[in-house]
Protein chains: 2
Amino acid sequence: MNTAPKDILTANDLKQTKPRLLVLEQIMGRDAAVSQPDLEKKLGGEVDRVTLYRTLSTFEEKGILHKIIDGAGTANFAICHSNCTSHHHHDEHLHFNCTQCKKVYCLDIKIPSTTIPKNFTMESIQLMASGICENCNIKS
Amino acid sequence: MNTAPKDILTANDLKQTKPRLLVLEQIMGRDAAVSQPDLEKKLGGEVDRVTLYRTLSTFEEKGILHKIIDGAGTANFAICHSNCTSHHHHDEHLHFNCTQCKKVYCLDIKIPSTTIPKNFTMESIQLMASGICENCNIKS
DNA sequence: TTAAGTGCAAAATCTTTGCAAATGT
DNA sequence: ACATTTGCAAAGATTTTGCACTTAA
């Protein structure tokens, strides 16, 4: 079910504009989540920085993209594969943040169920590991 | 072993200055981690904003404070209770970020051991839940 | 045609850097 | 006395807002 960028836009009542298509292409053709600074570099010549901010937050609200804040506080974006409805993401797998290349990987490992103290209500949970990813391990 | 602010400074070869003592007092008298914006508000009249930045990063480098980036990308600080040495924190317990009051709690629950794919090297791991904390649950 | 979306300029924040004055030891 | 640390000013970076122009439907 690898939906094409244009179909994603259609399915979400969004117009087919160049910035939106470019952003989706960038993010979909990856093994890892893409950081916002990275997107700015790649799309710098084609998409205005402000438009990028607005595009990303639209996509997040619609549940098209999933925003992951890494350990350095940088925003990273990945396609939502799980059953996300708008404003309510279920993306509860392990994220891995490489300290060398800065990539954030969405690994296919479920977060172990965790009990929290009574009186706390849990809405979501995120597990973020950091270290060296496979690519950087090979290179060194 | 509730060490006094001044003893913490002594133990880390830091001079006893007003900003440092005030920051430590703010952070130690809490059940939850304190966000940087919160610290700015509380200490606004007494400590320069730039000094606060520098103080917090000094404390983090020394292993006195532990920095936690919450889901919104905001920095939160808590005392390191575990055996932290400079530049190498072991703070692997569950953090809980209240979406209502924005507090970050350090809960005394260990992160379940997690296996990552071969070729990835894990250096640290962080588990962050969000939802409603006990205080906010009572109020509503 | 027209509502939605973009791009630019400009404001509002947040974070870092440089340096002279103040302070702890 | 002297190395540290602070506070201010100012540069740099990030994020948001307003508005006129453009474009997809």
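The structure presented is a predicted model; accordingly, all values stated were derived computationally and were not measured. Chain letters run A, B, ... following the sequence lines, proteins first and then strands; every chain starts at 1.
Per the geometry, CG belonging to Asp48(B) stands 17 Å off P belonging to dA21(C), to the nearest Å. We find that CG of Asp13(A) is positioned 15 Å from C1' of dG5(C), with the value rounded to whole Å. In this structure, the OH atom of Tyr53(B) is 17 Å from the P atom of dC8(D), given to the nearest Å. Here dA25(D) presents its P atom at 10 Å from CG of Leu14(A), a figure rounded to the nearest Å. Atom-to-atom, NZ of Lys15(B) to P of dT23(C) comes out at 12 Å; the value is rounded to the nearest Å. Atom NZ in Lys41(A) sits roughly 9 Å away from atom P in dT14(D) (whole-Å rounding). If you take NZ of Lys18(B) and P of dT4(D), they are 23 Å apart, rounded to a whole angstrom. Taking atom CG on Leu52(B) and atom P on dC8(D), their separation rounds to 14 Å, with Å as the unit.
Checking Gln16(B) against Thr55(A), the closest nucleotide of DNA chain C that is more toward the 5' end is the one next to Thr55(A).
Using a 4.5 Å cut-off on side-chain heavy atoms (C-beta onward), Phe59(B) and Asn12(B) make no contact.
Side-chain proximity of Arg20(B) to the nucleotides dT16(D), dT6(D), dA24(D) is greatest for dT6(D). Of the listed nucleotides (dT6(C), dG7(D), dT25(C)), dT6(C) has the atom at the smallest distance from the side chain of Pro19(A). With dT5(D), dT17(D), dT16(C) as the choices, the nucleotide that has an atom nearest any side-chain atom of Val50(A) turns out to be dT17(D).
Between the side chains of Thr10(B) and Gln16(B), at least one donor N or O sits under 3.5 Å from an acceptor N or O.
Residues Tyr53(B) and Leu43(B) fall into different hydrophobic clusters, defined by Ile, Leu, Val, Met, Phe, Trp and Tyr side chains chained together at heavy-atom separations under 4.5 Å.
Close to dT6(C), at under 4.0 Å from its OP1 or OP2, lies no side-chain N or O of Arg54(A). OP1 or OP2 of dC14(C) sits under 4.0 Å from a side-chain N or O of Arg49(B). The side chain of Thr17(B) places no N or O atom within less than 4.0 Å of a non-bridging phosphate oxygen (OP1 or OP2) of dG24(C).
The distance between the ring centers of Tyr105(B) and Phe120(A) falls below 6.0 angstrom.
For Asp108(A), the CG atom sits in a loose shell: 12 or fewer heavy atoms of surrounding residues, nucleotides or ligands are nearer than 6.0 Å.
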